[in-house]
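Numbering of ligands and ligand atoms starts at 1, following listing order. Owing to the predicted nature of the structure, the values given are computational and were not obtained by experimental measurement. Note: hydrogens, waters and symmetry copies are ignored here, and every other heavy atom, side chains too, is used.
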Amino acid sequence: MGHRVLVNNRMDLSLSKLRSITETLPPELQGHLERVRKVAIRLAERHKVDRLKVELGSLGHDIYRAHDEECLLSLAKSKKIHISPIEECLPIMLHGPLAAIRIEEECDITDPDVLQAVRWHTTACPSMNKVGLIVFLADKIEPAKLTGIKYLATVAKIAENSLESAVLRYLTEDITWRLKNENLVHPAAIEARNDLLKILS
Ligand SMILES: [Fe+2]
Ligand SMILES: [Fe+2]
């Protein structure tokens, strides 16, 4: 049996373990995960990115999204995650990092692309891999969210041609909105945008 087949078998097993976690989540959240999965798989096919990795990232990204902030903070402390000042203010920001830890521990997902995608799906980060770019975008442009904010349709259109340009556009719009509305901006979002500007110049 080739290495590739073995890796895929292991990832299939991880996928079924992950499914047994997502099946316990609230129905609205399961709906979001399923929509993100569909958008992400389509983007993966279009940009020739590994479908299984994208599927694992999509289904795993929000497994802690329905947990309350107190729970996220205490989980982060028990997992010894570094809690930055912005995460102290907005503990919901911890749901990605916590999800990455859980899918590694409980679903044996060790692929660094998938773990990075899940960990950084809220803010993006510098040097995002293609799986991460796709999960980030699919999370923002899934059909239920697409109707809410005007610029998302543009982001979705750009994503057809360039994942990097689409994430850059999203971050520019999102950070601009946050600045105008006196909102906090996560440093990782700024760093991700700087990195994409450099890559795309
Ligand atoms: Fe999320
Ligand atoms: Fe999400």
ask   = Taking atom NZ of Lys17 as the centre, does the number of heavy atoms from other residues, nucleotides or ligands within less than 6.0 Å exceed 12?
value = yes
key: Salt bridge present between Arg19 and Glu34 (N-O < 4.0 angstrom)   = yes
query = In this structure, are over 12 heavy atoms from other groups packed under 6.0 Å from Lys38 atom NZ?
reply = no
inquiry  = Closer than 4.0 angstrom, basic N to acidic O: yes or no for Glu142 and Arg37?
reply    = no
query = Tally of protein N/O/S atoms under 2.8 Å from the Fe ion (ligand 2)?
reply = 4
message = For residues Trp120 and Leu75: do they belong to one hydrophobic cluster (side chain heavy atoms under 4.5 Å, members Ile, Leu, Val, Met, Phe, Trp, Tyr)?
response = no
query = How would you list all residue pairs meeting salt bridge (charged side-chain N to carboxylate O under 4.0 Å, His left out) that involve residues 178-201, not counting sequence neighbours?
reply = Asp174-Arg178
